[in-house]
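Both ligands and their constituent atoms are indexed starting at 1 by order of listing. Side-chain atoms are counted along with the backbone in the values below, which use heavy atoms only and exclude waters and symmetry mates.
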Amino acid sequence: MKIGILGAMEEEIRLLADGMTNKHFEVIGKREYISGQICDHDICLVFSRWGKVAAASTATTLIQHYGVDRLIFTGVAGGVDPELNIGDMVVADNLVQHDMDASFLPGIAEFEIPLLGISDFRIGEKYVQTAIEAVKKYLDTDLTQEVPEQTLAQFSITRPRVVQGTIASGDQFISSAAKAARLREKIPGLRCVEMEGAAVAQVAHEHDIPCLVLRTISDRADHEAVIDFPRFIASVASFFTCGSVLRLLELL
Ligand code: SAH
């Protein structure tokens, strides 16, 4: 087993790389791939950059050049489910590309990937449950040792929790409550929006390998969505996702 880990935040990749042994660096297509071991697993770690094309090309390199046979994608996302608070975490059990629309063509539904014929990339239940268990362990036991209560309080985070559900990806940063509500109407059970997960899920599907997508809610996909983003990522989100991935690697 060799695991490819893609992060959409440079900070979380740096944190994960700190705990990696036998590190080897290589640059391909403007990405730095870091190979080595974490928790006795062979890993290739990379900052994917943002957007579906960036994520898909990085995932393809991980599979074809580095021979990974499973993928984990982490980052932040805008929460569109009103139940979610900033700091909560979402494990995708389904991913949709919300900006894919070839429905003008006969027989193709909105969000359906032309020629592939599917619009939902579903993640195996066993995997989802393992990831949920890992995140719970992180949030229940490690969290306040890594991120001081004071910092959590600055972002009004009290008891972050993890949920599973649908994540929608598109090449747009969503910062409009109306747009978020429209997506939630069209995609039942939608938890959050981001810019990479469903692209990685498509690549994994087309190569018949499992993938997991794990996100920390950083904003509500409304007009306040960009406030304090860099500070939230550096002081909160990168610890949440890095810590959860380490817990997940212990369980795999
Ligand atoms: N860190 C940046 C902002 C990142 S925005 C900054 O310093 O300003 C792009 C990343 O955030 C992508 O990885 C995307 O997947 C995720 N993301 C977070 N909230 C989002 C939203 N409301 N809409 C779309 N993508 C979002």
Electrostatic pair Asp81:Arg191 at N-O distance under 4.0 angstrom: yes

Show the atoms of ligand 1 that are less than 4.0 angstrom away from any heavy atom in [X].
{"X": "Pro230", "result": "7 (O)"}
{"X": "Ile233", "result": "1 (N)"}
{"X": "Ala221", "result": "22 (N)"}
{"X": "Asp219", "result": "18 (C), 19 (N), 20 (C), 21 (C), 22 (N)"}
{"X": "Ala77", "result": "18 (C), 19 (N)"}
{"X": "Val76", "result": "11 (O), 15 (O), 16 (C), 17 (N), 18 (C)"}
{"X": "Ser218", "result": "18 (C), 19 (N)"}

Qualifying residues under salt bridge (Lys or Arg N to Asp or Glu O under 4.0 Å), relative to Glu12, sequence neighbours excluded: none

Sequence-distant partners of Asp99, salt bridge (Lys or Arg N to Asp or Glu O under 4.0 Å), two or more places apart: Lys52

Under 3.5 Å: N/O of Phe173 near N/O of ligand 1: no

Heteroatom proximity flag, Ala8 to ligand 1, N/O under 3.5 Å: no

CD on Gln202 to SG on Cys211, rounded to 0.5 Å: 11.0 Å

Side chain, backbone, both or neither: the part of Arg215 lying under 4.0 Å from ligand 1 by heavy atom: side chain

Validation row, ring centre Phe239 to ring centre Tyr138 under 6.0 Å: no

